[in-house]
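Notes follow once the structure below has been shown.
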Amino acid sequence: MSAPLLSFEHVTYSYPGVRTPALSDLTLELEPGEFCLLAGLSGHGKSTLLRAACGLVPHFHGGHFAGRVTLAGLDTREHGPAQLGAFAGVLSQDPETQLVMSTVRAELALALESRGHGATAVARGVEEVALALGIDGLLDRSTQELSGGEKQRVALGAALAGRPRLVLLDEPTSQLDPVAGDELIGLLRRLNQEWETTILLAEHRLERCLSSADRVIALQGGRVGCDGDPETFLGWAAREAPALQTPAAKLFALSGLTRAPAGVRQARATLRAHGLLGEEDRSGAGETGSAARSRSKARRAVRNAAALEMSAVWHELSDGPAILRGVTLSVAPGESIALMGRNGAGKSTLLRHAAGLLEPTRGRVKRTGRVALLLQNPGDYFIHERVADEVPPAALGPAGLEDAGERNPRDLSGGERQRLALAIVSGSGDPPAVLALDEPTRGMDRHAKAVLAEELRLRAKQGQAVIVATHDPEFAAACADRAVLLADGRVIADATAAELLAGGWYFATETARILGGAAGVLLPEQGAELLRRRSAAVAAAAGAPTPSAAAGEAVSAADPGEPSTPPATTVAPGVAR
Amino acid sequence: MRATRFFYRRLPSPLHATRAGVGALWAAALSLATLLLDQPLVLLTLLAGVLCAGAGAGVGRLLARSMRASAIVWVPIVLVNVLVSRQGLTVFARLGDLGPFGQGDLTLEAAVFGAVIALKVMLLILITTLASLAVDPDELLRIVRRLSFRSALTASLATRMIPVLAADAQRLAEAQRTRPLGPPRGARGRVALLRAVVGGSLDRAMDVAATLEVRGFATARRAPRLPRPWSRHDIGFLASAVAILALALVGRLAGAARFDAYPEVHAPVGAGTIGLCLALFAAILLPFADRRGVDG
């Protein structure tokens with residue numbers, strides 16, 4: 001066995017002024033060429049582990065450090081981040097703080113120049129990394145004018161320019177739309193396979209990258225909770241940390257299929273093998289005329305009692321493009337809408353118009369009451385040193401922050417910050433008629449997302465209209481009844497969440513992609529119900545006892561990967577386990 | 001968002017395609033010519049040249065906007081000169097006895113002199129704007145990085161961070177506007193807001209510092225000289241810079257750009273002046289005529 005590229009030996013670390021250690025007696029090794037996923041809820045040590053791997057902990061952050069971390073044989077206590085940077089590239093959540101030069105070419109060259117590479121090596125390094133990441137067309141562009149996905153690619157390029165053996169990534173897709181996020185993960189997989197670059201990727205949306213990973217390390221309270229292949233991890237998550245389960249794993253667990261799949265392809269292969277896949281149902285694409293007519297009628301009814309009505313709203317920049325192009329949208333009280341689309345599609349601008357922060361250049365916005373807008377970064381709302389100073393005391397309880405009154409708002413967890421910001425914009429008087437949220441789940445773990453989705457459902461039930469701009473189809477499905485897809489400033493689809501999120505590739509939940517959009521099923525719970533029905537039908541057709549007649553009953557308790565009914569030839573090559 | 005438009009962006013133009021050192025030299029030559037020459041017609045020629053150069057570089061609208069914005073500087077210059085200057089013979093308005101300030105006679109000569117100074121200031125603003133829009137600051141600072149890596153990188157960072165911090169401030173202001181009772185009022189509220197802005201900037205600075213740390217800033221060495229063949233645009237703008245400087249010096253020394261405001265306005269326009277204007281105009285714009293190889 002080769003020497004480990006990265007090793008942690010009994011590492012315990014606490015940030016300055018914090019008693020609870022962020023990493024606690026942590027021991028692990030990473031071999032060259034591994035694609036390793038780092039899972040865990042917020043605050044359980046993922047980012048700290050990555051910082052320790054590149055020497056930022058303890059050199060940059062200070063604090064109390066015990067144990068030993070070695071990267072490529074260098075002890076991080078003796079070598080600083082600058083020296084370790086030759087072996088490890090780092091990519092974090094916010095591309096804005098990772099780009100320090102004005103042009104892409106200068107950005108890619110900086111790391112090479114600062115390490116004293118010669119002119120030829122710098123020119124060659126820039127050229128090669130640009131070609132490898134497909135950003136050669138951006139080389140002379142200003143970093144300021146790049147989209148979020150492009151910025152993240154350039155930041156990755158800057159991290160890779162010196163051809164490090166290890167790349168450390170801290171939730172790099174959290175600010176990207178599904179398309180850009182998938183592209184980035186695909187890129188990492190390619191780097192791993194073609195260059196043998198070792199990848200250590202911390203991510204909350206595991207469904208996005210689990211199928212690419214060779215290994216998953218799950219952290220719990222700063223310790224290794226699980227370390228194994230994706231299948232082992234999913235088994236562990238089902239028992240020990242359900243909040244880390246992917247939708248596919250949850251779907252299988254609820255359906256009684258005990259071998260959780262790492263991705264859509266594997267899940268579909270297993271379902272096909274069990275005869276549970278059924279016919280493809282592209283419900284979103286195959287809408288009937290009568291359905292469209294009834295929806296149009298319903299929309300007219302909504303307009304009559306709308307909490308918010310936008311009529312042919314345009315937002316045109318002087319000397320620039322149109323950001324919104326004739327958007328017409330009505331939201332009824334108690335309705336919850338997910339606003340989706342790629343970065344730059346106009347979602348944030350639409351919400352700003354809804355809240356009156358912007359005035360349309362053409363068109364009209366009608367509001368029946370106050371529109372509370374929660375912008376992307378909850379930290380922007382905090383101007384005081386104590387949580388209790390940000391909102392009236394009565395608002396702390398409903399936000400679940402009654403015990404956090406004396407804490408600094410910036411020390412709260414992601415979910416708590418979001419709840420506090422929500423309490424600030426909601427105000428203490430009458431509830432707002434419309435609650436608009438712009439990308440509220442950025443950097444949130446699955447548990448915090450579930451809590452927020454529940455809160456939004458509750459508010460909608462109480463009569464507030466809720467509009468959420470989000471890149472996360474799972475969250476959209478959990479909190480919205482209706483989904484609106486924007487592209488290039490136009491509404492290109494407006495339908496029920498079941499119709500819109502079941503029929504696509506990118507803007508679809510994992511459950512919907514596994515089930516091929518069947519019956520508009522979006523969430524694992526709904527999918528499990530469908531699978532149970534299918535399972536019963538399959539058993540009835542075969543004249544055999546129902547393998548899974550009741551909820552939670554295993555389809556094949558002995559070996560779920562070896563179904564009894566279908567022949568082995570129906571299993572897709574390379575996916576049967 | 002708007003503030004960011006006044007920063008460098010690579011566009012397909014001869015000036016953008018020129019190496020930063022030459023582009024900066026060309027802008028410096030224009031600035032020197034502005035300082036050396038006083039004749040209003042010559043200065044107006046320079047103004048027309050710079051505006052046309054802006055159009056040739058694809059930033060004409062931004063330059064026009066900058067010209068309008070510069071009114072905040074040049075209008076007061078003209079007004080103050082008219083009100084303060086006691087020179088000149090052609091009185092066009094009498095304000096009477098202004099006590100300790102003496103007689104308030106406003107003269108045509110003072111107005112013309114003020115206008116010439118204002119024109120020069122406006123030209124310098126426009127030339128600086130044109131350079132900041134069309135000359136790659138990274139490449140320029142790279143030259144400096146060969147002398148002092150850290151100082152130049154700090155300057156690069158400042159250039160890059162200004163629009164980022166401006167966007168941060170705009171975001172924070174927007175967030176405060178969405179509070180049910182609006183942004184915090186009163187001295188205490190403003191102090192809290194200021195503290196939040198400063199805190200946010202420090203957070204941002206910490207993140208950037210961490211990025212620089214892992215990119216090897218601590219072990220930074222002298223930037224290597226990147227060999228780059230001289231393009232037609234490099235040669236064109238270098239020739240243009242030399243020509244502008246030479247014409248300005250000749251015009252100054254030969255008296256072709258002679259101008260006296262006091263005691264009476266004297267700005268002779270002879271064949272020499274006309275020739276100087278045409279030559280300057282041509283020297284400024286000729287490098288823009290060749291647009292081969294400007295894209296990237």
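In the text below, chain A, chain B and the rest are named by the order of the sequence lines, each starting its count at 1. In what follows, every heavy atom counts, from backbone to side chain, and hydrogens, waters and symmetry copies are set aside.
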- Note on the structure: The reported gap from CG in B:Leu212 to CD in A:Gln98 (rounded to nearest 0.5 angstrom) is 11.5 Å

- Item | Those residues that, when tested against A:Arg410, pass salt bridge (Lys or Arg N to Asp or Glu O under 4.0 Å) (two or more places apart) | none

- Under 4.5 Å from any heavy atom of chain A - which part of B:Arg195: side chain

- Test: B:Arg215 and A:Glu113 ion pair at under 4.0 Å: no

- Task: Please determine, among A:Thr120, A:Asp389, A:Leu139, A:Leu373, the option with the most heavy-atom pairs under 4.5 Å with chain B.
- Result: A:Leu373

- Per-residue contacts, residues 376-386 of chain A versus chain B, heavy atoms under 4.5 Å: A:Asn377, A:Asp380, A:Tyr381, A:Phe382, A:Ile383, A:His384, A:Glu385

- Item | chain B contact via A:Ile424 - which portion, at a heavy-atom distance below 4.5 Å | both

- Note on the structure: dist B:Asp136:CG -> A:Thr103:OG1 (nearest 0.5 Å) comes out at 4.5 Å

- Task: Just give me the residue among A:Leu56, A:Val425, A:Leu357, A:Val90 that pairs up with chain B most often, heavy atom to heavy atom, under 4.5 Å.
- Result: A:Leu357

- Please check if atom CZ in B:Arg228 has more than 12 non-hydrogen atoms from other residues, nucleotides or ligands closer than 6.0 Å. yes

- Give, as side chain, backbone, both or neither, the part of A:Ala158 having an atom under 4.5 angstrom from any heavy atom of chain B. both

- Query: Can you name the residues of residues 201-211 of chain B that have some heavy atom under 4.5 Å away from a heavy atom in chain A?
  - Reply: B:Asp203, B:Arg204, B:Met206, B:Asp207, B:Val208, B:Ala209, B:Ala210, B:Thr211

- For residues 123-135 of chain B, the salt bridge (Lys or Arg N to Asp or Glu O under 4.0 Å) pairs (sequence neighbours left out) are none

- Item | Residues B:Glu174, A:Arg352: salt bridge by 4.0 Å N-O rule | yes

- Note on the structure: When rounded to the nearest 0.5 Å, the distance separating CZ of B:Arg9 from CG of A:Asp140 is 13.5 Å

- Select, from A:Ala119, A:Ala161, A:Gly85, the one with the greatest count of heavy-atom pairs under 4.5 Å involving chain B. A:Ala119

- Counting heavy-atom pairs under 4.5 Å with chain A, the top scorer among B:Ala196, B:Ala175, B:Gly200, B:Gly199 is B:Ala175

- Query: About how many Å separate CZ of B:Arg10 and CZ of A:Arg105, when rounded to the nearest 0.5 Å?
  - Reply: 9.0 Å

